[in-house]
There are 2 protein chains.
Amino acid sequence: MSGAPREEVPVGLPRNYLRPCLLLLLAEGTSHGYELLEQVSALGLDRVDPGGLYRSLRAMDEEGLVRSSWQPSASGPARRTYQLTDEGREWLHAVAGSLAEISRSLEAYRARYQAVLEQSRPAR
Amino acid sequence: MSGAPREEVPVGLPRNYLRPCLLLLLAEGTSHGYELLEQVSALGLDRVDPGGLYRSLRAMDEEGLVRSSWQPSASGPARRTYQLTDEGREWLHAVAGSLAEISRSLEAYRARYQAVLEQSRPAR
DNA sequence: CGCCGGTAGGTGCACCGTACAGCTACCAGG
DNA sequence: CCTGGTAGCTGTACGGTGCACCTACCGGCG
């Protein structure tokens, strides 16, 4: 409404959140890109573009966090299946700790925000 | 411990997290850049660089989320003090909702991570 | 057969937030 | 005068993200 030039709220998920999600899914079992693409949406990631996902997988492959191998598909093109490595598992544990820290920060924010809300609503 | 080759874990706070923090602090009372610079660390932001903070404040000023005015200091250089506008307050409410969503996503991740942990520790 | 749609993987590129580095200016104290 | 703290600002490179686009395989349909 009014003349306000409609400004989107550009606050999103943690930076590089895709990688933790992929590692977690791969910790649940080996998979391939296209399948992961459909599964990540369950973790809060919305409208993931395939390009970024495949790039992320390749990068983690080169870093040794995952291992990939081509496997023929019964019906359709071949798939590059990814498997978590020990190093990737370590990385997953480390990143889970970081995400927990972030959760704590967000909780601190929420509490402080609530305090501001109540302060500006003295009635009652 | 752990002699792992120290691959940094590049997972950080939500994107554009600085703005919500600044808006929240300004909702608690008017302030100026240098003071905000010291206060944001309490909200989880670590090693914020002044450049980005001042730029962020300027940007929000131009977008109408805050209003600024120069005020002389008793001892030291003049300060540009910032004050939250109504539009900024709306933005704060909206962004608090977004952060709550992010918290929910992180909680989903944590739960799923815990499940993987317990699954991979059946014996021994 | 040719074409389409779904599966599966990939590249190029522009945008933008972030990080790092540096700068000016004001004021107080030694 | 020079240092150190306060206060604000700029320049720039890096990297993650988003958008667009592309190849290739396969099955089914007209």
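What you see is a predicted model; the values in this text were computed from it and never measured. So you know, we letter chains A, B, ... as the sequences are listed, proteins then strands, and number each from 1.
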Inset, instruction - Give one of base, sugar-phosphate or nothing for B:G33, where a contact means two heavy atoms less than 4.0 Å apart. - result: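 B:G33: backbone/sugar contact only, no base atoms under 4.0 Å.
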
Quick one: is [N] close enough that its OP1 or OP2 comes under 4.0 Å of any side-chain N or O from [X]?
X: B:R58; N: D:dC9; answer: yes
X: A:R19; N: D:dG16; answer: no
X: B:Y54; N: D:dG8; answer: yes

Inset, instruction - Decide whether B:S69 and B:T81 meet the rule of one side-chain donor and one side-chain acceptor closer than 3.5 Å. - result: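 A pair is found: one side chain offers a donor N or O, the other an acceptor, under 3.5 Å apart.
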
Inset, instruction - State, with a plain yes or no, whether a side-chain heavy atom of B:Y109 is found less than 4.5 Å away from one of A:V95. - result: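 A side-chain contact under 4.5 Å exists here.
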
Of the nucleotides [options], which has the atom closest to the [X] side chain?
X: A:H32; options: C:dG17, C:dG9, D:dA7; result: C:dG9
X: B:W70; options: D:dG8, C:dT7, C:dG17; result: D:dG8
X: B:D49; options: D:dT17, C:dC20, C:dG9; result: C:dC20

Inset, instruction - Please give the angle, rounded to 10 degrees, between the axes at the start and the end of the helix from C:dC1-D:dG30 to C:dG30-D:dC1, where five pairs define each axis. - result: 20°

Legend entry - Least distance between heavy atoms, A:L36 atom then A:S31 atom: CG-OG, 3.8 Å

Legend entry - Side-chain donor/acceptor of B:R55 to base of D:dG11, under 3.5 Å: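 Side chain to base: pair found, below 3.5 Å.
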
